[in-house]
K.L.:
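This is the structure, below, for whatever I ask next.
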Amino acid sequence: MIAESMNSAVPSDPPLQTVTRRAIIAIDGPAGAGKSTIARHLASYFGLLNLESGAMYRAFALKALTSGVAFEDVPALLQLSRETSIHLVPNETGNRVILDGVDVTGQLRQQVVTDGASRVSVHPQIRAWMVSLQQELGAQGGVVMEGRDIGTVVFPKADVKIFLDAAPEVRGLRRYDQLSPAAAEEVQPEEVVRELRARDERDRNRADSPLRPAADAIILDSTHMTLDEVVARAEAIVTEKLRQVSVPQA
Ligand code: DC
């Protein structure tokens, strides 16, 4: 159903076409809110690149793990960051992540990496490095970038900012439903909700760039919405915002 609507997005109005091609769309929100699905859809619908900033923190956490560097050891992490290259390769199913020349996409959803990403991301020096990489990636525009601080720190002047949220229980249960049958055997739904709350707590309460909506973000709470409803609402928000910025203000 989502795929059917894709081509209808191409705007016929030339100023709107130009704005859309160069647009920066920021999608922020807590874990499990559906950011990846919505960002991927918006990128495809509006013909933009989809960039998952969380995948970069995950790749760096994986590097720390395989290098034996503790997530709390800031000097060692900083040294490690100087020896690390991370590239995102956007495609229809998400981003492939290339860490030091090797595709590590398949390793980034392990619980230990998820937890590590949240832990390395509390350090301001690591965030500063990541933010500069992300700003380079989006410098030319034409991107949908999802994360925690895209609308507040990475692209405070983004054309559109959506803060996607949902109640923690709903986000946790959605995550549980996405697990493979084998993974679902290993864990109780309550455990998934508990882990998600712990990550929320850390992401929202860190001193540097805590997860919060930008003052000018549109908050989209999907607690009582279906995926199709969220997709339709997000499309409408982006279309309306891009139309506003394509008209020069008097
Ligand atoms: O979006 P994700 O679940 O892949 O993100 C993994 C972790 O990375 C998340 O718990 C916090 C961190 N993160 C961040 O601090 N800032 C971002 N822009 C994206 C992710």
Side-chain angles (χ1 to χ4, degrees), residues 24-40 42-43 50-65 71-72 74 77 81 84 86 88-90 93-97 99 104-138 143-156 158 161-166 168 171-172 174-176 178-179 192-214 217 222:
I24 295 183
I25 299 176
I27 311 288
D28 288 303
K35 297 186 299 294
S36 301
T37 309
I38 297 304
R40 205 155 51 227
L42 290 175
N50 165 34
L51 298 169
E52 298 171 3
S53 65
M56 302 173 78
Y57 288 94
R58 287 172 183 268
F60 186 58
L62 177 67
K63 172 97 180 227
L65 269 172
F71 299 136
E72 289 71 35
V74 177
L77 287 173
S81 73
T84 301
I86 299 173
L88 297 182
V89 184
T93 55
N95 285 182
R96 300 216 66 80
V97 184
L99 173 63
V104 294
T105 315
Q107 298 175 59
L108 300 184
R109 296 278 147 189
Q110 304 168 67
Q111 187 52 46
V112 65
V113 175
T114 300
D115 189 55
S118 175
R119 288 175 189 276
V120 295
S121 71
V122 302
H123 306 307
Q125 296 95 323
I126 299 303
R127 298 201 69 79
W129 168 55
M130 287 283 170
V131 167
S132 68
L133 291 179
Q134 291 154 6
Q135 287 173 333
E136 262 173 50
L137 285 176
V143 297
V144 180
M145 195 176 286
E146 54 131 319
R148 303 289 188 289
D149 60 343
I150 309 304
T152 50
V153 177
V154 180
F155 292 114
K161 300 179 187 178
I162 297 178
F163 191 89
L164 199 56
D165 208 348
R171 289 186 282 117
R174 283 179 190 160
R175 273 279 150 97
Y176 180 79
Q178 288 162 356
L179 293 176
V192 177
V193 173
R194 207 173 320 120
E195 186 280 325
L196 189 126
R197 278 186 187 277
R199 199 142 71 94
D200 270 8
E201 184 80 5
R202 201 158 41 226
D203 293 349
R204 287 186 202 270
N205 294 319
R206 64 181 175 225
D208 185 13
S209 324
L211 170 66
R212 61 175 174 79
S222 71

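Note that ligands are numbered from 1 as they come in the structure, with each ligand's atoms numbered from 1 the same way.
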K.L.:
Provide, to 0.1 Å, the distance between atom 1 (O) of ligand 1 and the closest protein heavy atom, together with that atom's residue and name.
P.N.:
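Of the protein heavy atoms, Arg148 NH1, 2.9 Å lies nearest.
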K.L.:
Considering only the protein, which heavy-atom contact is closest to atom 3 (O) of ligand 1, and what is its distance?
P.N.:
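Going by distance alone, atom 3 (O) of ligand 1 is nearest to Arg58 NH2, 2.9 Å.
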K.L.:
Does an N or O from Gln134, backbone or side chain, lie closer than 3.5 Å to an N or O of ligand 1?
P.N.:
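No, since none of the N or O atoms of Gln134 sits under 3.5 Å from an N or O of ligand 1.
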K.L.:
Could you check atom 8 (O) of ligand 1 against the protein and tell me its nearest heavy-atom contact, residue, atom and distance included?
P.N.:
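For this ligand atom, the closest protein heavy atom is Tyr57 CB, 3.6 Å.
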K.L.:
Could you tell me whether the side chains of Ser118 and Arg202 share a donor-acceptor contact shorter than 3.5 Å?
P.N.:
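Per modelled atom types, Ser118 and Arg202 side chains form a pair under 3.5 Å.
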K.L.:
Counting heavy atoms only, which part of Arg199 comes closer than 4.0 Å to ligand 1: side chain, backbone, both or neither?
P.N.:
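Within the 4.0 Å criterion, Arg199 contacts ligand 1 through side-chain atoms alone.
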K.L.:
Got the closest protein heavy atom to atom 11 (C) of ligand 1, with its distance?
P.N.:
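Result: Asp203 OD1, 3.5 Å.
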K.L.:
Is there a heavy atom in Arg202 that sits closer than 4.0 Å to ligand 1?
P.N.:
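No, Arg202 has no heavy atoms under 4.0 Å from ligand 1.
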K.L.:
If we set the cut-off at 4.0 Å for heavy atoms, which region of Met145 has an atom near ligand 1: side chain, backbone, both, or neither?
P.N.:
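Neither; nothing of Met145 gets under 4.0 Å from ligand 1.
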K.L.:
Can you tell me if Arg127 uses its side chain to pair, donor with acceptor, with the backbone of Ser121 under 3.5 Å?
P.N.:
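Judged by distance alone, yes, a pair lies under 3.5 Å.
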K.L.:
Can you find a pair of side-chain heavy atoms, one from Met130 and one from Ser209, that are under 4.5 Å apart?
P.N.:
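Contact flag for Met130/Ser209 side chains = no.
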K.L.:
Any sub-3.5 Å donor-acceptor pair from Arg171's side-chain atoms to Ala31's backbone N or O?
P.N.:
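The answer is yes, because a donor-acceptor pair under 3.5 Å joins these two groups.
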K.L.:
Please state which protein non-hydrogen atom is closest to atom 16 (N) of ligand 1 and give its distance, to 0.1 Å?
P.N.:
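Ranked first by proximity to atom 16 (N) of ligand 1 is Arg127 NH2, 3.2 Å.
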K.L.:
Any donor and acceptor pair, going by atom type alone, linking the side chain of Asn95 with main-chain N or O of Glu52 inside 3.5 Å?
P.N.:
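Between the backbone of Glu52 and the side chain of Asn95 there is a qualifying donor-acceptor contact (under 3.5 Å).
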K.L.:
Which option wins on minimum heavy-atom distance to atom 20 (C) of ligand 1: Ala61, Gly54, Gly147?
P.N.:
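Of the listed residues, Gly54 has the closest heavy atom.
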K.L.:
Please report which non-hydrogen protein atom sits nearest to atom 18 (N) of ligand 1, along with the residue it belongs to and the distance in Å to one decimal place.
P.N.:
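The protein heavy atom lying closest is Asp149 OD1, 2.8 Å.
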K.L.:
Heavy-atom distance under 4.5 Å between the side chains of Ile150 and Ser53, does that happen here?
P.N.:
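A side-chain contact under 4.5 Å exists here.
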K.L.:
Does some side-chain heavy atom of Val97 sit less than 4.5 Å from a side-chain heavy atom of Leu62?
P.N.:
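Not touching, per the 4.5 Å side-chain cut-off.
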K.L.:
Are the charged groups of Glu201 and Arg197 less than 4.0 angstrom apart, N to O?
P.N.:
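No, Glu201 and Arg197 are not salt-bridged.
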K.L.:
Nearest protein heavy-atom contact for atom 19 (C) of ligand 1: which residue, which atom, what distance?
P.N.:
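Among all protein heavy atoms, the one nearest atom 19 (C) of ligand 1 is Ser53 OG, 3.4 Å.
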K.L.:
For ligand 1, which part of Ala31 has a heavy atom less than 4.0 Å away: the side chain, the backbone, both, or neither?
P.N.:
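Neither; no heavy atom under 4.0 Å.
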K.L.:
What residue and heavy atom of the protein are closest to atom 12 (C) of ligand 1, and at what distance?
P.N.:
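Scanning the protein heavy atoms, the shortest distance from atom 12 (C) of ligand 1 goes to Ser121 OG, 3.6 Å.
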K.L.:
Please tell me whether Arg174 and Thr37 have a donor and an acceptor in their side chains that are separated by less than 3.5 angstrom.
P.N.:
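Distance-only check fails for Arg174 and Thr37.
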